[in-house]
Q: 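Would you mind keeping the following structure in view while I ask a few things?
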Amino acid sequence: MGTLHTVNKSPFQNQTLLSCLGHTHEGDAVLMIEDGVYGAVTGTAISEALSKMGSDVSLYVLGADLAARGIDAGRMAEGVISVDYEGFVDLSATHDRVQNWL
Amino acid sequence: MGTLHTVNKSPFQNQTLLSCLGHTHEGDAVLMIEDGVYGAVTGTAISEALSKMGSDVSLYVLGADLAARGIDAGRMAEGVISVDYEGFVDLSATHDRVQNWL
Amino acid sequence: MKFGIVVSEGPYQHQASDSAYNFVKAALAKGHEVSRVFFYHDGVNVGTRLSIPPQDDRQIQEQWTALGKEHDLDLVICIAAAQRRGLLDENEAKRQGKDADNIAEGFRISGLGQLIEMGIQADRTITFGD
Amino acid sequence: MKFGIVVSEGPYQHQASDSAYNFVKAALAKGHEVSRVFFYHDGVNVGTRLSIPPQDDRQIQEQWTALGKEHDLDLVICIAAAQRRGLLDENEAKRQGKDADNIAEGFRISGLGQLIEMGIQADRTITFGD
Amino acid sequence: MSETIKKFLYVNRKAPYGTIYAQESLEVVLIGAAFDQDVSLAFLDDGVFQLTKGQDTKEIGLKNFSATYRALGDYEVTKLYVEKESLEERGLTLDDLQNIEYEDEDDDYAEKSSIRLISRAEMAEVMADQDVVLSF
Amino acid sequence: MSETIKKFLYVNRKAPYGTIYAQESLEVVLIGAAFDQDVSLAFLDDGVFQLTKGQDTKEIGLKNFSATYRALGDYEVTKLYVEKESLEERGLTLDDLQNIEYEDEDDDYAEKSSIRLISRAEMAEVMADQDVVLSF
């Protein structure tokens with residue numbers, strides 16, 4: 001079932017999330033972790049561009065990393081699903097491979 | 001005599017050079033070192049934007065880091081001056097302060 | 001399912017080793033197997049027994065050692081990366097003429113082949129790094 | 001002119017400690033003074049005597065130790081950062097009940113106040129990091 | 001401890017927790033406060049994320065150091081410059097940040113905000129007005 | 001050493017020398033070659049800078065490891081996928097990269113280029129066709 005991609009960099013500082021979204025397939029999932037969770041927020045300078053690029057993939061965010069950074073769940077972009085570490089494990093298991101964008 | 005700014009990140013990967021150029025004053029100098037030297041190259045996807053932003057500052061690049069990365073001096077943007085480590089020391093001494101953009 | 005884990009950054013400086021630890025704990029809690037954790041690049045520094053973090057902070061090395069003991073994890077430190085960075089076990093220290101070693105209980109030093117082997121044997125290989 | 005230098009990244013993983021070394025050598029060659037080199041964050045790992053890089057690569061710790069000896073440099077490792085990461089001298093090891101230490105000759109461990117003091121006393125403070 | 005008074009600026013451009021720079025920068029600021037220098041902190045780019053309220057690190061297992069920013073006033077560190085453009089690009093307003101206050105001893109110990117919201121151009125002025133710039 | 005044959009992809013997205021990832025990635029590839037797996041290397045984003053010719057590290061004091069890429073053919077590592085868009089964004093063409101060749105034993109040991117210039121879309125296909133993806 002496609003690839004699980006993880007991204008751990010802030011999209012405001014680093015182009016990794018953009019590069020990841022430029023290499024996904026329909027049916028892939030992208031999980032934002034660590035400083036990558038800032039990519040899940042709506043109403044930012046880059047959120048519109050991101051939402052267009054990620055339209056055919058499922059977007060996930062690690063809730064533990066969101067909470068650590070004080071991001072209210074209400075600020076998350078539509079369609080982004082928050083998971084815990086067990087959800088991260090499930091996503092890794094249900095996809096055919098994991099590609100970590102470092 | 002203004003500030004010497006150093007930038008050590010690739011501008012293709014990281015927004016640090018852009019942020020630096022957004023905070024300089026006329027008369028400041030920007031020295032690109034380590035992976036930052038890729039910002040000194042002309043004819044890239046971002047070189048035009050960079051040349052506009054950096055129009056009122058002096059741009060320098062550490063020649064040792066250029067050579068390490070196999071960048072021909074002929075590919076450098078107009079007006080960028082290559083210095084060696086002693087030139088880096090001189091720039092640090094002749095400016096009032098050094099700000100390192102990390 | 002069998003997971004293989006790579007940790008590429010050192011403790012405290014980056015969150016990578018913490019994320020890896022939380023992932024491994026969750027995977028084990030769900031009944032999965034973790035066939036190996038391979039520490040590479042600065043990740044080798046996770047395995048030093050000489051760290052003394054502030055008392056109100058987590059002790060990253062002790063967390064791994066304890067988890068490893070509880071679940072019989074294979075915590076492998078890459079020898080090439082470790083030599084560059086000064087992470088040694090008693091044998092290496094002797095062989096290289098060094099007067100001290102610093103590896104923690106529960107970790108072992110081995111070659112990069114262990115990383116490839118892990119990739120072959122695990123169902124999923126996941127890297128935590130920078 | 002008096003330079004104060006901060007090194008914020010560990011050896012080999014980042015170029016920062018190499019750039020700092022080349023800068024310090026050039027400054028000294030030009031007759032400047034380097035009042036102190038302060039190793040912070042992962043930079044503290046530069047000061048381990050246990051590293052064994054490949055023979056065809058530079059030995060970063062030995063380079064610093066030699067340069068420090070030649071020019072009587074004050075090479076200071078931040079104690080708070082060092083404790084987190086497992087870089088200890090003999091006194092600290094004893095005080096903390098650790099059975100080994102790993103600091104190299106020519107480096108000393110001290111507090112963050114040494115960084116501030118360096119900033120006050122130096123004409124220019126320059127940071128090499130990531 | 002020294003008779004020289006210099007202007008120190010601590011520049012914070014990185015998000016908290018993903019890397020340790022924010023936390024160890026704060027440790028320098030706290031120690032530095034004992035030296036009676038003229039101290040300012042700059043928060044720009046991802047550094048503005050350091051000041052968000054409601055940080056809860058329980059699930060990731062890292063130490064939550066965000067309360068320390070609120071203690072800076074007790075150390076007479078009262079100038080926290082926050083860049084407006086950096087906030088806006090990240091969809092943030094001052095309401096998303098912690099209240100960080102100090103007691104102004106020159107004004108009958110009135111509680112005042114340590115956060116000074118400034119433009120990018122003003123941030124450039126702050127930076128150019130320093131003796132020592134430490135970046136984390 | 002193992003009967004399973006898996007498709008391994010080594011993903012290189014970082015420039016050389018500023019950080020060690022490029023060099024230590026190569027060390028994994030060389031060791032991994034002994035395991036008789038189906039190995040590919042991907043170079044995209046700043047990873048394409050790893051392959052430039054004329055690298056000279058004498059002045060920075062770091063070890064120049066760029067010749068190792070040319071030795072990959074001897075280890076039967078012959079698939080180096082380079083992303084066209086990444087090159088173009090950086091003002092590079094194939095002429096700026098080293099010649100990296102291998103001897104094709106199925107074609108009378110003819111010397112062939114190991115570098116396969118592909119589009120971003122094709123790179124995404126290569127990535128999706130792997131069993132193990134190792135990122136550096």
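Residue numbering restarts at 1 for every chain, and letters A, B, ... go by the order of the sequence lines.
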Q: Any non-hydrogen side-chain atom of C/Met118 less than 4.5 Å from a side-chain atom of C/Phe3?
A: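 SC-SC contact between C/Met118 and C/Phe3 ruled out.
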Q: Tell me whether F/Glu88 at atom CD has more than 12 heavy atoms from other residues, nucleotides or ligands lying less than 6.0 Å away.
A: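 Counting other residues, nucleotides and ligands, CD of F/Glu88 exceeds 12 neighbours.
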Q: Return the option, out of C/Asp123, C/Thr127, C/Asp130, with the maximum number of heavy-atom pairs under 4.5 Å with chain F.
A: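 Counting heavy-atom pairs under 4.5 Å, the top option is C/Asp130.
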Q: Ring centres of C/Phe39 and C/Phe107 under 6.0 Å apart?
A: yes
Q: Check whether C/Leu115 gets within reach of chain F through its side chain, its backbone, both or neither, counting any heavy atom under 4.5 Å.
A: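 Contact with chain F: side chain only.
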Q: Let me know if C/Ala122 has heavy atoms under 4.5 Å from chain F in its side chain, its backbone, both or neither.
A: backbone
Q: Measure distances from F/Tyr21 to the heavy atoms of chain C and classify the residue's part below 4.5 Å as side chain, backbone, both or neither.
A: both
Q: Would the number of heavy atoms belonging to other residues, nucleotides or ligands and lying under 6.0 Å from NZ of F/Lys63 be above 12?
A: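 Atom NZ in F/Lys63 is packed in, count exceeds 12.
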Q: For C/Phe128 and C/His14, I'd like to know if the aromatic rings sit close, meaning centre-to-centre distance below 6.0 Å.
A: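 Centroid separation for C/Phe128 and C/His14: 6.0 Å or greater.
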Q: Can you tell me which portion of C/Arg124 sits under 4.5 Å from chain F's heavy atoms? Options are side chain, backbone, both or neither.
A: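 Neither the backbone nor the side chain of C/Arg124 comes within 4.5 Å of chain F.
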